[in-house]
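Throughout, a chain's letter reflects where its sequence line sits, starting with A, and its residues are numbered from 1.
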Protein chains: 2
Amino acid sequence: MALTPDRRFSIPTIRRLPGYYACLEHAAAQGIAAISSTTIAGHLNLDPIMVRKDLESIGAAGRPKIGFNVAELLAVIKEFMGWGRLDELIIAGCGDLGAALMGYKGFPRRGFRIVAGFDRDPVLEGVTIHGIQIFPMEKMANLIARLHIEIGLIAVPAKAAQQVADQMITGGVRGIWNFSSAALKVPARVIVQQEDLTASLVILQKNLLKETVPS
Amino acid sequence: MALTPDRRFSIPTIRRLPGYYACLEHAAAQGIAAISSTTIAGHLNLDPIMVRKDLESIGAAGRPKIGFNVAELLAVIKEFMGWGRLDELIIAGCGDLGAALMGYKGFPRRGFRIVAGFDRDPVLEGVTIHGIQIFPMEKMANLIARLHIEIGLIAVPAKAAQQVADQMITGGVRGIWNFSSAALKVPARVIVQQEDLTASLVILQKNLLKETVPS
DNA sequence: TAGATTGTTAATCGATTAACAATC
DNA sequence: TAGATTGTTAATCGATTAACAATC
């Protein structure tokens, strides 16, 4: 039996794609039809070879001397990133961070829709934030199951995160995007993507430090 | 002249450290004095060897048979991540996302303080969000210079991002944490850390997909 | 002591960079 | 055609994983 081609995608590549996309949108807005990997790389401070490798890995093809067709490339990235499809999410925790995520325009623009919010606080029950209704936490598992939601966002304090995760898993999510600092215990079949904004900030800081004190 | 030891830190390591920290805090709360790399790894679904390597790279030492001293390890991570120091930031764009970042409790807990917000909208002028005052955009460069701010957060729409970045650089920031999707053009000495939340979401999605269709 | 666990050295793996032939 | 740019194959680099000796 032939092995599935094992569609290999690398996480660094995925992280760079939004940059390429922004760059291409910019070019498209100026009516540019074709763009070279060198030009893209120049805008983003990257190696042109890396750009070509990334694009090749997602199935884009360019033409020697000409470069890559802008419209075509936008379409390929959009397809690969799944920005055409619509994916529904739910969010637990509608405090500051949760409310911001509910209103974050990047999600709908990229095909992600938060269909419901959940919060422990009874004051928020029935309230609508950015057009999304908030329900009591007890209803979460049931709603996840009924709507076949696959991904849940956790934006509750660290102390409550494990319990919330358990309820999400009971409902049937397969992936959790965890904005709390808690280290979640989940069954192997469930995937947790940890998001720690302070880590990003520290990386930036350390890079500044490196700049200041070169070896 | 001796080379500076070229303190090598790897970005993946930095991304994992908050997880270790959370795990250690949990252990500390239970009164556990020492913990093995295997235990930490088990909680976070990682390889114990990787945990040891990470800890070694930031200068932590354990003892055979015993493991790592919890309190000591917490201190080493805190020191390495710079969570003890206080670092001041400013933010441009006080809309949904900006306001959320201004209220994000993870920052003060980790020694980051947003000292001022800036927004184009005159309605917001003088308004205080989460205790942080908002100023008109025109005052940004001057305030950055006066307070010697080194890092600026950009949470404005993509279209306005470049102009805002230029003003930050005029003021003298050395690092920009860019939450907009715009590909910023900056001088070589300025470092941009791009944050694209939808990229994280796509990575989670792709991992779910991989789970479903194993080769 | 015996066994568990660290610390270190080597092997593997994957991502980035380089070299260069193919081609429009 | 000549030159620029892609696509591909090889080399390098860094991070992860493995093996094992040191040690409490």
Euclidean distance, atom [atom1] of residue [X] to atom [atom2] of [N] [Å, nearest integer]:
X	N	atom1	atom2	result
Ile35(A)	dA4(D)	CD1	C1'	15 Å
Ile11(B)	dA15(C)	CD1	P	15 Å
Asp47(B)	dT6(C)	CG	P	12 Å
Ile40(B)	dA4(C)	CD1	P	19 Å
Glu56(B)	dT16(D)	CD	C1'	14 Å
Ile49(A)	dA21(C)	CD1	C1'	14 Å
Lys65(A)	dA4(D)	NZ	C1'	6 Å
Arg15(A)	dT16(C)	CZ	P	12 Å

Legend entry - Watson-Crick/G-U partner (both atom distances under 3.5 Å) of dT16(C): dA11(D)
Legend entry - Partner nucleotide, any strand, of dG3(D) [Watson-Crick/G-U, under 3.5 Å]: dC24(C)
Inset, instruction - Taking only the side-chain nitrogens and oxygens of Ser37(B), find out if one of them lies under 4.0 Å from OP1 or OP2 of dT6(C). - result: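 Ser37(B) to dT6(C) OP1/OP2: side-chain N or O found under 4.0 Å.
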Inset, instruction - For dG7(D), take OP1 and OP2 only and decide whether either is under 4.0 Å from a side-chain N or O of Arg52(A). - result: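 Arg52(A) to dG7(D) OP1/OP2: no side-chain N or O under 4.0 Å.
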Inset, instruction - Look at the side chain of Ser10(B) and decide which nucleotide, out of dT6(C), dA15(D), dA18(D), has an atom nearest to it. - result: dA15(D)
Inset, instruction - Please determine, for the side chain of Phe68(A), which listed nucleotide (dT16(D), dG7(D), dT17(D)) has the closest atom? - result: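 Minimum distance to the Phe68(A) side chain belongs to dG7(D).
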Legend entry - Residue whose closest nucleotide on DNA chain C lies nearer the 5' end, Arg16(A) versus Ile66(B): Ile66(B)
Legend entry - Atom pair CG/NE2 of Leu184(A) and His43(B) - distance to nearest 0.5 Å: 12.5 Å
Legend entry - Trp83(B) ring center within less than 6.0 Å of Phe112(B) ring center: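 No, the ring centres sit 6.0 Å or more apart.
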Legend entry - Least distance between heavy atoms, Thr13(B) atom then Ser10(B) atom: OG1-OG, 2.8 Å
Inset, instruction - Provide the closest heavy-atom pair for Met102(B) versus Ile114(B) in the form atom of the first, atom of the second, distance. - result: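 For Met102(B) versus Ile114(B), the nearest heavy atoms are CA-CD1, 4.0 Å.
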Legend entry - Residue closer to the 5' end of DNA chain D, Arg63(A) versus Lys53(A) (nearest nucleotide):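 On the 5' side of the pair lies Arg63(A).
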Inset, instruction - Could you pick out which residue, Met50(B) or Pro64(B), lies toward the 5' side of DNA chain D when each is mapped onto its nearest nucleotide? - result: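 Looking at the nearest nucleotide for each, Met50(B) comes out on the 5' side.
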Legend entry - Salt bridge Lys105(B)-Asp96(A), side-chain N to carboxylate O under 4.0 Å: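 Result for this pair is yes, salt bridge flagged.
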